Amino acid sequence: MTLQATPARAFLGTALHTPVRGEVEALHQALIIVGENGDIQAVHRRESGEVSRLADEFAARGTLVILGPRQILLPGFVDLHVHAPQWPQLGSALDRPLEEWLQAYTFPLEARYADLQFAQVEYESLVDSLLANGTTTALYFGTIHLEATQRLADICLRRGQRALIGRVAMDDPTQCPANYRDASAEIAELQTRAFIDYVRSMSGNSAGLVKPVITPRFIPSCSDDLLRRLGALAAETQCHVQTHCSESDWQHGYVLERCGVSDTSALEGFGLLSRHTILAHGNFIGEEDAGTIIRHGAGIAHCPLSNVYFSDAVFPARRMLERGMHVGLGTDIAGGASPSILDNARQAVIASRLLEAGVDPAIGRDRRRRPDSRIDAPTAFWLATVGGGIALDLPVGAFVPGYQFDAIVIDADRADCNLRLAPGDGPDASLQKIIYGAGRANIRDVWVGGRRVRG
Ligand SMILES: [Zn+2]
């Protein structure tokens, strides 16, 4: 006998999502049934004739959630690149080059997370803000501090955010300050193992809402010995891996010079590329690198806001998607100055338009263009939801049976907002208005795995 999960509740209202890249699907006055373990068990469309009978049954049990006429249910957002400890410096020092920004601002700030009280306050604030912005899944870099990174995991589990978290490993004395680096590759590996064990045995985490991630900061911060150890650990534990790859000219050039091969090839050689690897940025990967990433099924965290400040380049998202690469969006807090994936979705559209059109009017139109680069609003929304879920190999990002019910309620009636939905708007128009006009003020309720975590 198969044990069937009991339906926990049902949601009645209008939902928008993009299960197919580039295509908006509206579920008008649909009934979404969610099981006890947070998975979507069924999606009944209005036309099915079953909606009112089933809705009555859930209403009688007191487990029906009814959306208002000016409310829209959306899948929650997936953020593939967050540096949790950098939250206090959001929006500052964005005029410095990456390598200077790290040494002068970022490493000294991250070193402060040896102080657990400081970590607790900042991490609580960050998780709260991300949930308020509709981020139901986040992939986090912590710091080198085991205890502080454990606190972040505790907070995500308690608040109910789906989270993948890495204790950062970085041991290269030529690139990392003396007060903020692992004393040796061996210690970095042991601490990474300790973090994996901690997260996997957290009380209340049997469903794996919070997952550990192997996190070499990036090749410039790590010795070859450490990178090799972490590659072996990834194979042994089957954990996700996250790191930076070819973010800027400086990083791309540094790895070429040190390793004699591209960043992507070097990571592959260390055993760090797999179906569960997320590479942040990837702006300067070449054609061969793209093929390598696709062959391994690894994903890219496209961080369009941060790329303006620290990469001086636009990631060619459309070309990579068309080649079959897994791509989602990242805020790159605090390289990007917004905690909102919606902000990054609209910036992904803008950046792709600039890449396609070219930006220097002194160069002739045909010479400055890069044709077929633009992405549209539905594709940006797909990146923010389904694309992130696929990259992480998690069933999130759309209202499809078998997926987790991670969702947000957009409320168009909130005062002081830029969102003006009109009764005659079709699904495409509504989604475009949400991408370009909605923000934190419009996000009313947030659900993760069928549990209300905000609102
Ligand atoms: Zn980063």
Side-chain angles (χ1 to χ4, degrees), residues 78-94 96-111 113 122-123 126 130 135 138-144 149 152 163-170 172 175-176 180 213-222 230 240-252 254-255 263-264 267 272 277-285 298-315 327-341 343-344 347-348 351 388 391-392:
V78 179
D79 189 336
L80 291 183
H81 192 45
V82 185
H83 290 274
Q86 295 173 22
W87 177 232
Q89 69 174 12
L90 190 81
S92 63
L94 298 175
R96 306 289 293 271
L98 176 63
E99 58 278 23
E100 269 182 50
W101 180 78
L102 285 171
Q103 301 291 343
Y105 298 92
T106 306
F107 290 160
L109 171 60
E110 292 194 11
Y113 285 76
E122 294 302 331
Y123 287 164
L126 170 66
L130 290 182
T135 298
L139 175 56
Y140 290 107
F141 275 61
T143 59
I144 67 169
T149 313
L152 177 59
L164 300 95
I165 303 173
R167 178 246 175 234
V168 171
M170 46 194 274
D172 189 329
Q175 290 292 320
C176 308
Y180 188 55
V213 181
I214 293 169
T215 307
R217 182 174 206 107
F218 60 172
I219 287 180
S221 297
C222 300
L230 295 182
H240 282 76
V241 173
Q242 61 181 343
T243 191
H244 299 81
C245 180
S246 295
E247 173 175 0
S248 63
D249 278 313
W250 171 78
Q251 188 201 337
H252 189 69
Y254 179 96
V255 177
D263 210 341
T264 303
L267 291 168
L272 289 164
T277 296
I278 300 291
L279 303 172
H281 306 283
N283 301 303
F284 291 87
I285 58 171
I300 291 283
H302 174 29
C303 307
L305 267 173
S306 166
N307 286 346
V308 173
Y309 301 114
F310 293 107
S311 299
D312 303 323
V314 174
F315 176 71
V327 183
L329 293 180
T331 56
D332 193 19
I333 290 168
S338 167
S340 164
I341 282 292
D343 282 349
N344 278 278
Q347 179 66 21
L392 291 170

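Here the structure is a predicted model, which means the values were calculated and not measured. Every number for a ligand or one of its atoms is a count from 1 in the order of the listing.
The Zn ion (ligand 1) has H83 among its coordinating residues (N/O/S atom, backbone or side chain, under 2.8 Å). Counting backbone and side-chain atoms alike, H244 contributes an N/O/S atom closer than 2.8 Å to the Zn ion (ligand 1).
Restricting D332 to its N, O or S atoms, the one at the least distance from the Zn ion (ligand 1) is OD1. Looking only at its N/O/S atoms, H81 has NE2 as the one nearest to the Zn ion (ligand 1).
Under the rule for a side chain to side chain contact (heavy atoms under 4.5 Å, CB included), the partners of V314 that lie at least two apart in sequence or sit in another chain are A351, L355. By the side chain to side chain donor-acceptor pair (under 3.5 Å) test, D343 is found to be paired with S338, R346, residues two or more places apart in sequence or in another chain being considered.
Note: H244 and F310 fail the aromatic proximity criterion, with ring centroids not under 6.0 Å apart.
Taking the six-membered ring for Trp and thresholds of 30 and 60 degrees, H83 and H81 have ring planes more than 60 degrees apart, a perpendicular arrangement.
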